[in-house]
Visitor: 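Structure provided below as structure tokens; questions to follow.
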Amino acid sequence: MPVVRALTKVAKQALLTPGCGCQVSAVAVRHVSFSPRQVTNASDASFHSVSFSETDHPKVLITGGLGQLGVGLAKLLRKRFGKNNVILSDIRKPPTHVFHSGPFIYSDILDYKNLREIVVNNRITWLVHYSALLSAVGEANVALARAVNITGLHNILDIAAEHGLRLFVPSTIGAFGPTSPRNPTPDLCVQRPRTIYGVSKVHAELMGEYYHHRYGLDFRCLRYPGIISADSQPGGGTTDYAVQIFHDAVKTGKFECNLKPDTRLPMMYIDDCLRATLEVMEAPAETLSMRTYNINAMSFTPDELAQEVQKQLPDLQLAYKIDPVRQAIADSWPMNFDDSNARNDWRWKHDYDLPELVQTMLNFIGSESQVAQVS
Ligand SMILES: NC(=O)c1ccc[n+]([C@@H]2O[C@H](COP(=O)([O-])OP(=O)(O)OC[C@H]3O[C@@H](n4cnc5c(N)ncnc54)[C@H](O)[C@@H]3O)[C@@H](O)[C@H]2O)c1
Ligand SMILES: C[C@@H](O)[C@H](N)C(=O)O
């Protein structure tokens, strides 16, 4: 079959197939050839000797799973699809409780053959690609950020296309820059970010959408705001202050903020972020008018966040020591996100606004620190 016709057929199938995305397309993207060895063969017993419950659910691999978001996502997906159907992976050593909570595997996304072996041996059908260097650490090590965020993404795209995976890659408010409309920022507008992180995320959005149109890859992408979580630490971004303030407020009663008091950025509580990720992955393909969506929940400044925290902890002392790198990044990012397309297409709706976020964070960190004091 000529390559173009085969690719068009695969693209049409992927666009029309709702559900778990378990169909196998047959595109050897790396070699731009059509390899019969990669097609699911109906007569191949090894592909069909699985139990009903296994075929019912996707088999998920999460890369970069030991960061701020991966462990929480694994927990949510395991509740939905079963413990053994969700594999966490990373290049770091997992803490004991994570290691014992479900399957974990070492995977360096820069090692293409190893990644492919994991996908094949575990018959992965969904890939959630979380590995990345975030905005501030990316600026501190551009070469590594380029390798992980761009070369790593190429490996992920090729493997996902070759094995017919449904692929989720998160993007970010950082994919916009100073020339984008900032209040609010729509899905489609000028994107000229000034960080390697932002550049790599625009690249990921465009490459994913290109693979979708060219090869039928079932690519899905959400632009996350800054994510706030109580039981996992952020990995070196510009929005990290909005997590740290809660820990410092409970533990020391003092907080030194590295952004100016009036720096407004879009933010979201982690439960909303992870639920959005599951919802967009489960959305029938025909409901997705786009493949990359903004999602939003709230938008606040350090001053507004501190005031809300001080309603619960009035003695909190606040100081500002501005980090010029992070401040320049924040000043180039959206202040508010327009996520009306996500709300219309697949009914995205956030649960947490600022007061609920603050209450939830303080309850969690407060009870954790009480437990620590007792033991
Ligand atoms: N947390 C946020 O506020 C936020 C906001 C927008 C988008 N995102 C995106 O969501 C994803 C997850 O974010 P996070 O906050 O959990 O990030 P994180 O920095 O906390 O974790 C990233 C993980 O990637 C791993 N990693 C680094 N190099 C790797 C490699 N070569 N191979 C495999 N793994 C490697 C790290 O060990 C780390 O555990 C990222 O793609 C990020 O850009 C996060
Ligand atoms: C916004 C997001 O991409 C990340 N938390 C960062 O600040 O880099």
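This is a predicted model, so every value here is computed, not measured. When a ligand or atom number is given, it counts from 1 through the structure's own listing order.
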Visitor: Of the protein's non-hydrogen atoms, which lies at the shortest distance from atom 12 (C) of ligand 1, and what is that distance?
Guide: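 The protein heavy atom lying closest is Tyr130 O, 3.4 Å.
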
Visitor: Tell me the protein heavy atom at minimum distance from atom 19 (O) of ligand 1, and give that distance in Å.
Guide: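 Minimum-distance protein heavy atom for atom 19 (O) of ligand 1 reads Leu134 CD1, 3.4 Å.
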
Visitor: Would Leu110 count as being in polar contact with ligand 1, using the rule that some N or O on each side must be under 3.5 angstrom apart?
Guide: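 No.
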
Visitor: Go through ligand 1 atom by atom and flag the ones less than 4.0 Å from a non-hydrogen atom of Gly235.
Guide: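 Near Gly235, the atoms of ligand 1 are 19 (O), 20 (O).
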
Visitor: Apply side-chain contact (heavy atoms from CB on, under 4.5 Å) to Val243 and Gln68, showing your working.
Guide: CA-CA 11 Å; Val243 176; Gln68 187 189 1; 4.1 Å; yes

Visitor: For ligand 1, which atoms sit closer than 4.0 Å to a heavy atom of Pro170?
Guide: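 By the 4.0 Å cutoff, the relevant atoms are 9 (C), 10 (O), 11 (C), 41 (O).
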
Visitor: Give a yes or no on whether Arg194 atom CZ has more than 12 heavy-atom contacts from other residues, nucleotides or ligands under 6.0 Å away.
Guide: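 No.
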
Visitor: Among Leu265, Leu69, Thr172, whose heavy atom sits nearest atom 2 (C) of ligand 2?
Guide: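 The option holding the nearest heavy atom is Thr172.
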
Visitor: Quick one: CD1 on Ile109 to CD1 on Ile118, what's the gap to the nearest 0.5 Å?
Guide: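 With rounding to 0.5 Å, CD1 (Ile109) is 11.5 Å from CD1 (Ile118).
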
Visitor: Which protein heavy atom lies closest to atom 4 (C) of ligand 1, and at what distance to 0.1 Å?
Guide: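 For atom 4 (C) of ligand 1, the nearest protein heavy atom comes out as Ile227 CG1, 4.0 Å.
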
Visitor: Should Trp333 be counted as touching ligand 2, given the test is an N or O pair under 3.5 Å?
Guide: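 Between Trp333 and ligand 2 (N or O atoms, distance only) the closest approach is not under 3.5 Å.
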
Visitor: List the closest protein heavy-atom neighbour of atom 8 (O) of ligand 2: residue, atom name, distance to the nearest 0.1 Å.
Guide: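 Here the nearest protein heavy atom works out to Ser135 OG, 2.6 Å.
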
Visitor: Is there a nitrogen or oxygen of Val148 sitting under 3.5 Å from a nitrogen or oxygen of ligand 1?
Guide: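 There is no such contact.
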
Visitor: First locate atom CE of Met268, then atom CG of Asp339, and finally report the distance between them rounded to the nearest 0.5 Å.
Guide: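 Answer for the CE-CG pair, Met268 versus Asp339, is 7.0 Å.
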
Visitor: Can you list the ligand 2 atoms lying under 4.0 Å from a non-hydrogen atom of Ile173?
Guide: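 Near Ile173, meaning under 4.0 Å from one of its heavy atoms, ligand 2 has 1 (C).
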
Visitor: Please report which non-hydrogen protein atom sits nearest to atom 7 (O) of ligand 2, along with the residue it belongs to and the distance in Å to one decimal place.
Guide: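 It is Thr238 N, 2.7 Å.
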
Visitor: Given Ser200, Cys273, Gly237, Pro225, which one has a non-hydrogen atom that is nearest to atom 5 (C) of ligand 1?
Guide: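 Result: the heavy atom closest to atom 5 (C) of ligand 1 is in Pro225.
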
Visitor: Please list, in number order, the atoms of ligand 1 under 4.0 Å from a heavy atom of Thr172.
Guide: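 By the 4.0 Å cutoff, the relevant atoms are 6 (C), 7 (C).
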
Visitor: What do we get for Tyr197 next to ligand 2 when only non-hydrogen atoms under 4.0 Å count, side chain, backbone, both or neither?
Guide: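 Side chain only.
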
Visitor: Quick check on Arg223 - does any of its heavy atoms sit under 4.0 Å from an atom of ligand 1?
Guide: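 Not so, Arg223 does not reach ligand 1.
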
Visitor: Applying side chain to side chain donor-acceptor pair (under 3.5 Å), run through Arg343 and His350 and close with a yes or a no.
Guide: CA-CA 9 Å; Arg343 288 176 192 265; His350 70 278; 2.9 Å; yes

Visitor: For the pair Tyr352 and Tyr269, name the ring-plane relationship: parallel under 30°, tilted 30 to 60°, perpendicular over 60°.
Guide: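 If you compare the ring of Tyr352 with that of Tyr269, the planes turn out tilted.
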
Visitor: Among all protein heavy atoms, pick out the one at the shortest distance from atom 18 (P) of ligand 1; state its residue, atom name and that distance to 0.1 Å.
Guide: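 Looking at atom 18 (P) of ligand 1, the protein heavy atom closest to it is Gly67 CA, 3.9 Å.
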
Visitor: What orientation do Tyr197 and Trp333 show, parallel under 30°, tilted 30 to 60°, or perpendicular over 60°?
Guide: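 Judged by the thresholds at 30° and 60°, the geometry between Tyr197 and Trp333 is tilted.
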
Visitor: Which heavy atom of the protein is the closest neighbour of atom 1 (N) of ligand 1, given with residue, atom name and distance?
Guide: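 Answer, as residue, atom name and distance: Gln68 OE1, 2.8 Å.
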
Visitor: Starting from atom 31 (N) of ligand 1, which protein heavy atom do you reach first, and at what distance in Å?
Guide: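 For atom 31 (N) of ligand 1, the nearest protein heavy atom comes out as Asp108 OD1, 2.9 Å.
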
Visitor: Of all the heavy atoms in Ser171, does at least one lie under 4.0 Å from an atom in ligand 1?
Guide: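 The answer is yes: ligand 1 sits under 4.0 Å from a heavy atom of Ser171.
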
Visitor: Nearest protein heavy atom to atom 5 (N) of ligand 2, by residue and atom, and its distance?
Guide: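 Heavy-atom neighbour on the protein nearest atom 5 (N) of ligand 2: Thr239 OG1, 2.8 Å.
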
Visitor: Side-chain contact test, heavy atoms from C-beta onward, threshold under 4.5 Å: evaluate it for Phe168 versus Tyr130 and give yes or no.
Guide: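 They are in side-chain contact.
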
Visitor: Ring centres of Tyr293 and Trp348 under 6.0 Å apart?
Guide: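 No - the distance between ring centres of Tyr293 and Trp348 does not fall below the 6.0 Å cut-off.
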
Visitor: Which protein non-hydrogen atom lies closest to atom 44 (C) of ligand 1, naming both residue and atom, and how far is it?
Guide: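 The protein heavy atom lying closest is Leu69 CD1, 3.9 Å.
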
Visitor: Are the side chain of Arg275 and the backbone of Leu76 linked by a donor-acceptor contact shorter than 3.5 Å?
Guide: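 Such a contact is absent between Arg275 side chain and Leu76 backbone.
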
Visitor: I need the nearest protein heavy-atom contact for atom 6 (C) of ligand 1: residue, atom name and distance, please.
Guide: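 In this structure, atom 6 (C) of ligand 1 has Tyr224 CB, 3.3 Å as its nearest protein heavy atom.
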
Visitor: Do any nitrogen or oxygen atoms of Tyr197 lie less than 3.5 angstrom from nitrogen or oxygen atoms of ligand 1?
Guide: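 The answer is yes, given that Tyr197 and ligand 1 share an N or O pair closer than 3.5 Å.
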
Visitor: Quick check: does any side chain N or O of Gln327 sit under 3.5 Å from a backbone N or O of Lys260, one acting as donor and the other as acceptor?
Guide: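 It does hold such a pair.
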
Visitor: How far apart are the C-alpha atoms of Asp248 and Gln244, what are their side-chain angles, what is the distance that settles it, and do they pass the side chain to side chain donor-acceptor pair (under 3.5 Å) test?
Guide: CA-CA 6 Å; Asp248 291 2; Gln244 198 56 42; 2.9 Å; yes

Visitor: Between Arg223 and Glu205, is there a salt bridge with N-O shorter than 4.0 Å?
Guide: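 Answer for the salt bridge query: yes.
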
Visitor: Just checking Tyr106: does its OH atom have more than 12 heavy atoms from other residues, nucleotides or ligands closer to it than 6.0 angstrom?
Guide: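 Counting neighbours around OH of Tyr106, more than 12 heavy atoms of other residues, nucleotides or ligands fall under 6.0 Å, so yes.
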
Visitor: I'd like to know if Ala147 contacts ligand 1, where contact means a heavy-atom distance under 4.0 Å to any ligand atom.
Guide: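 So Ala147 does not count as touching ligand 1.
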
Visitor: Mark up the atoms of ligand 1 that fall under 4.0 Å of a heavy atom belonging to Asp90, in ascending order.
Guide: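 Near Asp90, meaning under 4.0 Å from one of its heavy atoms, ligand 1 has 23 (C), 25 (C), 34 (N), 36 (C), 37 (O), 38 (C), 39 (O).
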
Visitor: Going through the checks in order, is the side chain to side chain donor-acceptor pair (under 3.5 Å) test met by Asp303 and Thr301?
Guide: CA-CA 5 Å; Asp303 183 45; Thr301 65; 5.0 Å; no

Visitor: Considering only heavy atoms of Ser107, which atoms of ligand 1 have at least one such atom less than 4.0 Å away?
Guide: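 Reading through ligand 1 atom by atom, the close ones are 32 (N), 33 (C).
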
Visitor: Check whether more than 12 heavy atoms from other residues, nucleotides or ligands sit under 6.0 Å from atom CZ of Arg78, and answer yes or no.
Guide: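 More than 12 within 6.0 Å, yes.
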
